[in-house]
Q: 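What follows is a single structure, and I will ask about it in a moment.
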Protein chains: 2
Amino acid sequence: MEQITIKDIAKALQLSVSTVSRALKGSYKISESTQRLVRDYAEKHNYKPNLNAQGLKNKKSRCIGVALCSIPNSFFAEVISGIESVAYNKDYLVIVTQNFESCEREVRNLENLTWRSVDGLLISLSTETEDYSHFQQLHEQGLPLVFFDRVTDAVRTHQVVADNAGGAASVTRHLADNGYRRIAHITSSPHISITKERIAGYRQALEERGLPFREDYVKYCLHGGMLMEETAAALDELLQMTEPPDAIFTASDRLTMNCFTLLRQRGISIPGQMALAGFSNFNSPELLNPSLTTVKQPAFEMGKIAAELLIQLIESKREVKDFQRIVLPTELEVRASSGCF
Amino acid sequence: MEQITIKDIAKALQLSVSTVSRALKGSYKISESTQRLVRDYAEKHNYKPNLNAQGLKNKKSRCIGVALCSIPNSFFAEVISGIESVAYNKDYLVIVTQNFESCEREVRNLENLTWRSVDGLLISLSTETEDYSHFQQLHEQGLPLVFFDRVTDAVRTHQVVADNAGGAASVTRHLADNGYRRIAHITSSPHISITKERIAGYRQALEERGLPFREDYVKYCLHGGMLMEETAAALDELLQMTEPPDAIFTASDRLTMNCFTLLRQRGISIPGQMALAGFSNFNSPELLNPSLTTVKQPAFEMGKIAAELLIQLIESKREVKDFQRIVLPTELEVRASSGCF
DNA sequence: CCATTCAGTGCAAACGTTTGCCCAAATAAA
DNA sequence: TTTATTTGGGCAAACGTTTGCACTGAATGG
């Protein structure tokens with residue numbers, strides 16, 4: 001069951017190794033007939049190029065690396081699934097690394113991935129990351145990069161994001177229209193793009209509805225809700241205000257679920273005493289008690305598109321100069337947790 | 001920013017390439033002093049061996065492949081996270097493939113992974129798989145394999161599983177002790193190990209409690225709940241029986257959530273008209289309405305242990321003959337969905 | 001009819017390691 | 001002293017590809 005090599009084909013067909021190699025690659029220097037001959041033989045004998053040898057020669061691995069914060073996060077798990085599905089079809093393999101929201105770990109993962117000579121990278125930044133030089137370096141060295149979800153403009157390349165501002169605005173508007181006047185916002189680290197965009201949408205919607213934007217109604221969780229205590233601290237600060245909010249808009253999957261849990265633990269009724277709505281990709285929000293109003297992101301789609309763009313970048317012959325920023329629509333799903341009281 | 005190679009070190013230190021290689025590997029033929037010299041230089045200049053070259057020579061890649069049904073499944077996402085965490089520490093990279101419960105896809109993923117010359121494989125079988133010859137072949141060729149969760153005895157190697165029988169028994173016992181007499185079981189494909197074990201536990205508990213085991217109370221979903229319709233069909237069959245069950249024990253994450261959704265859709269109150277409890281790794285079951293009684297598996301732990309065993313296998317000098325079957329405890333978490341009426 | 005061109009193919013070096021074998025010097029045994 | 005043995009290290013082949021260059025024979029142009 002030893003793999004057949006180009007040499008074997010050459011021997012069998014009385015050709016030289018180089019001819020076989022070129023025939024397989026479809027080089028113009030080889031006659032149609034020879035090409036067919038070689039191809040047929042290769043096919044018949046299930047020839048697979050040795051990737052290590054190919055990699056050694058031309059520094060390609062047909063692997064794409066993924067750098068993100070946490071695999072079990074339902075949003076990212078779906079993104080990975082989307083990535084894997086297009087990679088599979090294009091014969092790429094996917095290597096996933098998680099940084100647990102640590103910038104240091106992000107850098108080490110990156111080193112690891114480039115050491116493995118991945119052909120390109122799909123990146124969603126950690127909440128801690130403020131310095132993008134490690135990405136910039138790689139990019140300048142010509143490694144194709146695509147950012148998704150948590151992006152940066154510090155590197156000029158493709159971006160795939162959800163309509164964070166739009167999603168935030170629509171849920172804020174919805175809360176306002178349901179009669180809530182003091183809408184707080186618990187969000188992730190201020191460093192990352194999605195936070196800024198979501199705050200912007202939240203702020204805009206407040207203004208549209210004639211509600212004040214209050215700095216003290218915005219709470220940041222530097223670890224994006226990875227630690228429950230952090231979310232608890234943010235929530236408790238809000239609850240202990242002299243004029244506590246009557247609704248909370250949460251900016252991420254984990255924050256939303258954390259707040260849900262914490263409010264219940266504290267015996268605060270939803271939405272009676274506190275309305276709750278936020279970004280979440282949990283796939284059965286209607287089963288929660290109360291059912292949860294969510295802003296859903298097209299996670300699988302995001303992974304798909306990001307992977308497609310990356311592979312396109314990898315396989316493009318000439319240098320790509322024209323980078324896109326793809327914005328995917330979010331969807332507001334109204335349920336009981338944001339109902340009027 | 002070109003990577004430094006062994007040649008560069010050799011040149012700089014006035015040594016031969018082979019000496020450098022051996023010094024780095026700690027071969028006994030090289031003097032302590034030379035080894036130190038080489039190591040220091042390598043360290044200082046951030047030498048990283050070229051993996052393609054290494055792979056080409058000795059067919060190792062320091063990659064481990066993972067084959068499972070679906071990445072976004074919360075159980076498997078956690079398993080992957082566990083795998084990744086130990087792989088990271090041991091300098092392995094993780095390549096994940098998903099088969100969507102298709103045996104054909106499983107085989108193709110396997111080909112892909114071996115083509116990439118992964119050093120070992122972590123496998124959880126698809127629900128469709130009945131023929132294990134593709135695994136047996138690989139195993140006979142000496143590729144280290146570790147099965148987890150959905151395992152088979154057809155290949156003699158390590159297995160890491162949850163205490164499926166125990167978990168099933170404890171939840172069944174719990175339902176019986178809460179007064180339910182007609183406890184049905186909706187489970188996955190009969191081909192996979194976990195199904196058999198869970199049925200066994202269910203059956204044993206019924207007998208312990210003096211309840212009859214009825215074949216018609218056991219419904220199989222061949223795709224493991226991947227399709228909602230399949231679950232719906234199973235559930236509806238139960239509901240339309242002349243003597244319908246008063247409780248349902250579901251055998252997997254997705255089945256549990258599907259049943260929950262479907263019962264709600266059909267206006268059947270839980271646990272009043274139908275109690276529900278089952279295996280699930282959803283991490284906020286207390287937030288559901290009603291809160292959900294679950295059997296939880298140590299998913300992260302399972303991934304960790306499986307990966308550790310695999311790497312041990314990969315790095316073992318002599319052939320391992322003594323294979324383990326590790327059984328991890330499950331945890332029954334009692335909540336409202338299985339309460340007495 | 002010779003010079004030029006060109007399609008089609010082969011040769012060999014290179015990519016960065018690993019490793020079997022050989023060799024020199026030093027040490028130990030005789 | 002001579003002969004083994006050990007120690008430390010180098011040479012070169014090999015892993016499976018890719019690719020610049022050279023070569024051959026035929027076709028084309030003059």
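Each chain gets a letter, A, B and so on, in the order the sequences are listed, and its residues count up from 1. Remember, it's a predicted structure, so these values are computed and weren't measured experimentally.
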Q: Atom CD1 of A:Ile30 and atom P of D:dG20: how far apart are they, to the nearest Å?
A: 14 Å
Q: Suppose we call a contact any N or O donor and acceptor under 3.5 Å apart; does that hold for the side chain of A:Arg22 and the base of C:dG10?
A: yes
Q: Given side chains that start at C-beta, do those of B:Ile6 and B:Leu24 come closer than 4.5 Å, heavy atoms only?
A: yes
Q: Whole-Å distance between C:dT17 C1' and B:Lys7 NZ?
A: 10 Å
Q: Reckon A:Thr5 touches a base, only the sugar-phosphate, or nothing at all at heavy-atom distances under 4.0 Å?
A: sugar-phosphate
Q: May I ask you to test the A:His191-A:Thr129 pair for a side-chain heavy-atom distance under 4.5 Å?
A: no
Q: Expressed as a whole number of angstroms, how long is the span from B:Ile4:CD1 to C:dC15:C1'?
A: 16 Å
Q: For the CG atom of A:Leu37 and the CG atom of A:Leu13, what is their distance to the nearest 0.5 Å?
A: 4.0 Å
Q: Counting side-chain heavy atoms from C-beta on, which of C:dT19, D:dG9, D:dG16 comes nearest to A:Ala53?
A: D:dG16
Q: Can you tell me how far CG of B:Asn46 sits from CD1 of B:Ile4, rounded to the nearest 0.5 angstrom?
A: 8.5 Å
Q: Enumerate donor-acceptor pairs with a distance under 3.5 Å from any side-chain N or O in residues 47-70 of chain A to protein atoms, sequence neighbours excluded.
A:
unit_1, atom_1, unit_2, atom_2, d
A:Asn50, OD1, A:Asn52, N, 2.7
A:Asn50, OD1, A:Ala53, N, 2.9
A:Ser61, OG, A:Cys63, N, 3.4
A:Ser61, OG, A:Ser117, O, 2.6
A:Ser61, OG, A:Asp119, OD1, 3.3
A:Arg62, NE, A:Asp91, O, 3.1
A:Arg62, NH2, A:Lys90, O, 2.9

Q: Remember a base hit wins even if backbone is also touched, and classify A:Gln14 as base, sugar-phosphate or nothing at under 4.0 Å, heavy atoms.
A: sugar-phosphate
Q: Could you write nucleotides 22-27 of chain C as a row of B, S and -, 5' to 3', where a protein heavy atom under 4.0 Å of any base atom gives B, of only sugar-phosphate atoms gives S, and otherwise -?
A: B-----
Q: Rounded to the nearest angstrom, tell me the gap between atom CG in A:Leu56 and atom C1' in C:dT18.
A: 13 Å
Q: Would you say a side-chain N or O of B:Ser16 is under 4.0 Å from OP1 or OP2 of D:dG10?
A: yes
Q: Write down the distance between CD1 (B:Ile6) and P (C:dG16), rounded to a whole number of angstrom.
A: 11 Å
Q: Determine whether A:Gln98 and A:Phe76 make a side-chain contact, defined as any pair of heavy atoms from C-beta on separated by less than 4.5 Å.
A: no
Q: Please report, rounded to the nearest Å, how far the C1' atom of D:dA14 is from the NZ atom of B:Lys59.
A: 10 Å
Q: Among the nucleotides D:dT18, C:dG10, C:dT17, which one has an atom lying closest to any side-chain atom of B:Gln54?
A: C:dT17
Q: Whole angstroms only, please: what is the CG-P distance between B:Asn50 and D:dT17?
A: 16 Å
Q: For A:Ser21, which contact category applies under a 4.0 Å heavy-atom criterion: base, sugar-phosphate, or nothing?
A: base
Q: Quick one: is D:dG9 close enough that its OP1 or OP2 comes under 4.0 Å of any side-chain N or O from B:Thr34?
A: yes
Q: If you only use heavy atoms from C-beta on, which nucleotide in D:dG10, C:dT9, D:dT18 is closest to the side chain of A:Lys25?
A: D:dT18
Q: Over all strands shown, is B:Lys48 touching base, sugar-phosphate only, or nothing at heavy-atom distances under 4.0 angstrom?
A: sugar-phosphate
Q: Just checking B:Glu104: does its CD atom have more than 12 heavy atoms from other residues, nucleotides or ligands closer to it than 6.0 angstrom?
A: no
Q: Can you identify which nucleotide, out of D:dG10, C:dT18, D:dT18, has its nearest atom closest to the A:Asn58 side chain?
A: D:dT18
Q: Rounding to an integer number of Å, can you tell me how far B:Leu51 CG sits from C:dT17 C1'?
A: 11 Å
Q: Any donor-acceptor pair under 3.5 Å between the side chain of B:Ser18 and the base of D:dC11?
A: yes
Q: Ignoring hydrogens and angles, are the base of C:dT18 and the side chain of B:Lys57 linked by a donor-acceptor pair under 3.5 Å?
A: yes
Q: Decide yes or no for A:Phe135 and A:Leu121: does some side-chain heavy atom of the first lie under 4.5 Å from some side-chain heavy atom of the second?
A: no
